[in-house]
Each structure stands twice: as structure tokens, then as C-alpha cells.
Amino acid sequence: MGKILEVENVHSYYGHIHALKGISLYVEEGEIVSLIGSNGAGKSTTLRTISGLLHPRHGTIKLDGRDITHLEPHLVVAAGVGHVPEGRGIFPKLTVRENLEMGAFTINDPAKNAERMEQVFALFPRLKERIDQYGGTLSGGEQQMLAIGRGLMQHPRILMLDEPSMGLAPVLVELIFDIIQKLNKEGVTILLVEQNAQMALSIAHRGYVLQTGNIVLTDTADKLRQNEMVQKTYLGIE
Amino acid sequence: MKQLTSNPFYKFVLFPIGQILAFILGAGITLSVLVILLAYIFRGSVTNLDLVERTLVILPKVLIDGITIGFVYATIALGYTMVYGVLEFINFSHSEIFMVGGVVGVELLRYLEAQGALASMNQYVVIALAILLGMFIAGSLAVTVERVAYKPLRNAPRLVPLISAIGMSFFLQDAVRLILGLTTGEFNVILPKFGTFDEFQTFNVPGVAAPVQLQNKTILLIGVTIVMLVGLNYLVNGTKIGKAIRAVAQDRPTASLMGINVNFIISITFLIGGALGGAAGVLFALKVTRLDPFVGFFPGLKAFTAAVLGGIGNLTGALLGGLVLGLLESFGASYLGVFTQGAFGAEYKDIFAFAILIAILIFRPSGLLGQTVGQKA
């Protein structure tokens with residue numbers, strides 16, 4: 001149960017805007033860790049910084065003890081970080097099959113890729129029915145399934161999910177969260193960013209609360225749900 | 001049907017060739033019907049010759065000329081549209097990449113001639129060598145230009161790399177002029193005569209009175225471009241690199257999250273576009289037989305028009321746009337003179353091309369096959 005991902009005192013900027021003001025967090029193997037916070041708190045920025053889309057000015061990011069702070073995104077992916085971006089990032093003019101193939105871009109073994117695609121289809125049978133359809137023609141729920149499936153294709157050491165519930169009907173949100181939990185039981189380590197704190201904390205082991213670029217609170221998910229501030233601000237309990 | 005569409009031979013050979021034929025037939029028949037109709041309408045106003053007969057006599061040649069130049073435009077237009085697809089930027093130095101390809105091809109032939117080898121070598125080997133060398137040099141040059149002049153400006157406002165491209169265009173023109181001037185003392189390069197490319201093949205087409213004449217080099221040009229277009233279609237739709245190019249074009253940050261090295265894919269795109277432009281340059285040189293460092297300007301601008309006409313960023317659109325523009329220009333150049341009895345001649349052909357560009361930009365900015373162009377979110 002070692003630490004897979006360690007983020008230490010990371011500062012990130014968008015131009016002159018100081019978006020992350022010293023974020024430190026870690027994820028252990030087999031965990032679901034969730035980052036909660038309101039709009040603009042820096043949740044997505046944290047993920048973007050980890051995957052190299054945004055380079056931090058200070059701080060270090062380590063994957064399995066290896067420093068990945070300044071790697072380009074495609075190398076961070078190759079090192080084992082899967083990132084399902086906010087808004088899903090489906091390639092609208094690639095078919096479902098091609099989208100999944102892109103998810104396995106770093107792996108040059110067709111047999112292995114075919115096997116993994118079957119695993120994804122076992123998890124999301126709907127995608128198999130849509131295999132030759134363009135990604136852009138899928139419904140929101142199907143796109144989220146495709147995005148998660150695509151993230152799994154390279155068997156990442158850690159899968160980062162950015163707002164998987166965004167824009168989905170409640171029944172689909174539940175389905176997606178069931179699948180996240182199922183994946184975790186099969187051994188996938190997950191870092192989950194969510195505005196839906198209720199859902200996120202119900203499946204997570206631990207959580208971090210972000211406010212304006214700072215981590216203000218961290219604890220086990222159960223304790224966070226009991227926390228008065230969390231209840232008031234994020235769970236809507238007075 | 002399902003089986004047919006998933007058959008690789010259908011998907012990567014028959015389908016693209018069918019598409020090219022459909023575009024040629026569609027545009028060719030439409031324009032032919034139009035000029036024949038016009039000839040009937042105006043036949044009364046012209047008394048010294050039968051306008052309809054005259055129209056029909058030159059029709060095959062007009063069609064062939066249009067298709068030939070259309071393939072050249074299409075091949076160049078693919079370079080513009082591929083780069084636009086991945087970077088949303090018009091690479092205005094592409095016309096000079098085309099020119100360099102042509103000059104390199106001709107220089108190779110002149111070198112072979114000077115060595116006395118040109119006459120003894122198989123003409124198809126010679127032309128294949130010229131095309132391959134033109135493609136290689138033009139492709140490498142396009143990659144270098146991107147590294148030097150565009151990559152450092154990738155996060156700059158959109159106008160900045162555009163100006164850099166125009167500057168690069170001037171630079172390449174003058175660099176070629178300088179190199180040619182220093183090495184040969186003149187900057188016109190003339191294709192040496194070799195082989196049987198200037199000879200004509202005559203075909204008797206049933207239903208057409210006069211036999212149709214096709215120059216060997218026209219057949220070669222059309223054949224080579226079709227092979228390249230089929231190859232490009234396979235590369236883009238059938239290979240992992242091609243899918244990565246499409247992924248980068250659709251969503252660059254997400255593509256990098258797939259583990260795709262975006263800079264590498266951008267280089268590959270310039271390499272492919274440049275190589276196509278270089279091959280087009282050599283084939284164009286074979287057709288016009290005389291090049292200078294400024295020869296890329298008009299074909300480049302026409303090809304850009306073709307890319308916009310078809311829908312910039314859309315590969316099939318570039319092909320359609322090139323063929324339609326080539327045919328339109330050829331019809332305009334030939335029939336304007338016939339209908340006005342020589343008052344307006346072939347020199348007006350450029351007006352057709354640029355009138356189309358203006359009309360497209362006003363009435364359908366997304367092009368014939370393009371979707372509504374919106375700012376990416």
C-alpha cells in the first residue's frame with residue numbers, strides 16, 4: 001500500500017493568476033481519493049498540473065517516487081497517469097473504436113489492445129453497440145462511459161476523473177459512480193474531482209477540500225461527511 | 001453492405017477512387033451542360049460560326065485541362081488544409097514549399113543531363129527519382145520551417161504566425177533565387193527534354209466526333225496524384241499515426257492526455273503536406289517546363305482558394321475544391337473567349353478563381369463540405 005501519487009507544495013499560475021497556492025496531497029494504491037470544492041477552487045487545475053497540461057512554478061509531483069513535475073503530458077501519460085478531462089474530451093469525429101484506440105496510443109501491442117477493448121465493453125456494453133459511431137453522436141452518458149473506458153485502455157497506475165457527473169441525469173450519475181466503485185474494487189486507484197460532494201464522499205476512502213487554491217481540510221471520507229463546515233458548504237445540510 | 005464497407009480494399013482503394021471519379025464527373029458534367037446550354041442561348045447572336053459545334057469540339061480538351069490543373073490544386077490544397085486542421089493556421093509559405101519541390105526536381109533532371117545520364121536512363125525511373133527527391137526536400141523543408149518560424153509562436157495571437165508565414169514565403173523565394181543565381185547564374189530553370197512525355201495518346205471516344213488527345217505527361221500527372229491521394233487517405237484513416245493526426249486536429253490537449261506527442265504529430269503533418277506539395281511541384285514543372293522562384297505564388301493562392309472552397313480543414317473538401325476550381329478555371333478561360341468572340345480571353349481565368357474565393361467567403365464561409373466554423377470553446 002505505497003503512495004502512488006505525491007504532490008508537494010505545488011503552485012500553479014494561469015498567466016498572472018495564482019491558481020494553486022501550495023497544494024499537497026497523496027494517493028495510496030487501491031484508494032479512491034476525492035477532491036471537492038466549489039467552482040474555481042482549483043480542482044481541475046490540480047489535475048491539469050499533475051498531468052503536465054499546466055506546469056507548476058514551484059513544488060514537486062511524484063509518481064511511484066519518480067519525479068514527473070516537468071514532463072510533457074504525453075510522457076506523464078506514458079508514465080502511468082490516466083486523465084479523463086473535464087467535459088469528457090471525446091474526439092467527435094473519431095468512432096468509438098478509434099477513440100478507444102487513442103486511449104491505448106502508448107501501447108504497441110494489437111493483441112493486448114483488443115483484449116483491453118473487450119474488457120471495456122464488458123464494463124460498458126452500450127459502447128460495443130455504438131462501436132462504429134462517431135464519438136460526437138453519443139449521448140452525454142455514453143460519452144462519459146467512453147471517456148472512462150478510454151482512460152482505462154492504457155491500464156494507468158492512477159486514473160484521474162474530472163467531474164464525471166457533470167451534465168448527467170441522476171440515474172446516469174449513479175451508474176457512473178457504481179462503475180467507479182467497481183473499478184476500484186478491481187484494483188484501479190482513483191483520484192476523483194467532483195462538485196457533487198455527496199456522491200464523491202459516499203464512494204471515496206479519503207477526501208481533500210479545496211478553497212481558492214488551498215487545501216483547507218483533509219480527512220477520511222466518513223469524517224468529512226460528519227464535518228460541520230463540509231456539511232454546511234458542500235452537502236447542503238444546515 | 002456492412003461487409004463491403006468494412007473490407008479494407010473497398011475502404012482504402014475503391015472508395016477514395018470512386019470519390020475522385022464522382023467529383024470529376026459531377027463538376028465536369030454540370031459545367032459541360034451549362035456551357036452547352038449557354039451555347040444554344042447565344043447561338044443566334046453569333047453569325048460567323050456555329051457556337052454549339054465550336055463548344056462541343058473543344059469540350060474534351062477543356063475537361064482534360066481542367067482535371068489536370070485541378071489535381072495539381074487539390075494536391076497543394078491538401079497541404080494547406082492538413083496544417084489548418086491541426087493548427088488552425090494558414091501556412092502561407094506552402095506555395096514556396098511547392099516551388100522548392102519543383103525546382104529540386106528540375107535541378108535533378110538538369111544534373112542528370114549534365115552528367116549525360118538523362119538520355120540513357122529509363123524515363124519512368126528518372127521521373128520517379130525527381131518526384132521522390134522533390135517530396136523529400138520539400139517535406140523536410142516544411143518541417144524545418146515549422147520548427148523555426150511557427151513553433152516558437154504557437155501561443156502568440158493568431159495573426160503573428162500568419163505574418164511569420166508570409167515572411168517565410170518571401171525568405172524562401174529569395175533564398176532559392178540566391179542559390180540558383182550563385183550556382184547557375186540565372187534563376188529561371190528550364191526542364192530538359194527527355195523521354196516521351198511530350199507525345200500524345202489518341203483515344204476515340206464513342207459519341208465524340210474528334211478523337212480525344214491526351215499528352216503522356218498529363219496521364220502521368222493524373223496517375224501519380226491519384227496514387228498519392230489514395231495513399232494519403234489510407235495514411236489518415238487506416239494508420240495509427242493518421243488517427244493521431246485527426247485526434248490532434250479535433251482536440252489538442254485531450255490528444256496529449258492520450259499519450260500522443262503533439263509536437264511530433266504537428267511535424268508529421270507538415271512533412272506529409274510538404275511532401276505532397278513537393279510532388280505537385282515536380283509534376284507542375286513537368287507540365288509547364290519552366291520555373292522561377294516566384295512560380296509558387298499563383299498555384300499556391302489557387303490551391304488556398306480550393307481549400308477554402310471545399311471547406312478548410314476538410315481533406316475531402318480540399319480534393320473537391322481543387323477539382324472544381326481547376327475545371328471552373330479551365331471552362332472560364334476557354335469559353336469566355338468563345339462566347340465573347342475573343343473580346344475576353346484566357347487572361348481572365350484568374351478572375352474566376354478569386355471571384356469564387358470572394359463569393360465563398362461571403363455566402364458560405366465554411367466551404368462546400370465544411371461544417372459551420374465556430375470558435376473552439
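The figures that follow rest on heavy atoms only: side chains count, while hydrogens, waters and symmetry mates do not. Residue numbering restarts at 1 for every chain, and letters A, B, ... go by the order of the sequence lines.
Of the two parts of A:E72, neither the backbone nor the side chain holds a non-hydrogen atom closer than 4.5 Å to a non-hydrogen atom of chain B. Only the side chain of A:L53 comes within contact range of chain B, with at least one heavy atom under 4.5 Å from a heavy atom of that chain. For B:N155, no part sits under 4.5 Å from any heavy atom of chain A, backbone or side chain. Using a 4.5 Å cut-off between heavy atoms, A:R48 does not touch chain B at all. Heavy-atom distances place no part of A:L54 under 4.5 Å from chain B, backbone and side chain included.
Cation-pi geometry between B:K302 and B:Y73 is not met: the NZ or CZ atom fails to fall both under 6.0 Å from the ring centre and inside 45° of the normal.
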Ring pair (Phe, Tyr, Trp, His ring centres under 6.0 Å) evaluation trace for A:Y134 with A:F91: CA-CA 8 Å; A:Y134 277 138; A:F91 299 114; over 10 Å; no
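Here B:F89 and B:Y150 bring their ring centres to under 6.0 angstrom of each other.
Interface check for chain B: of the options A:H74, A:Q154, A:R150, the most heavy-atom pairs under 4.5 Å are formed by A:H74. Of the listed residues A:N99, A:T106, A:V77, A:I90, the one with more heavy-atom pairs under 4.5 angstrom with chain B than any other is A:V77. Each of A:E98, A:R88, A:M153 has some count of heavy-atom pairs under 4.5 Å with chain B, and the biggest count is that of A:E98.
Ring-plane geometry between B:H94 and B:Y80 is classed as perpendicular, the angle between the planes exceeding 60 degrees on a 0 to 90 degree scale with a lower cut at 30.
The backbone N or O of B:L78 sits nowhere less than 3.5 Å from a side-chain atom of B:T81 that would complete a donor-acceptor pair. Remark: the backbone N or O of A:S38 is paired with a side-chain donor or acceptor of A:K43 at under 3.5 angstrom.
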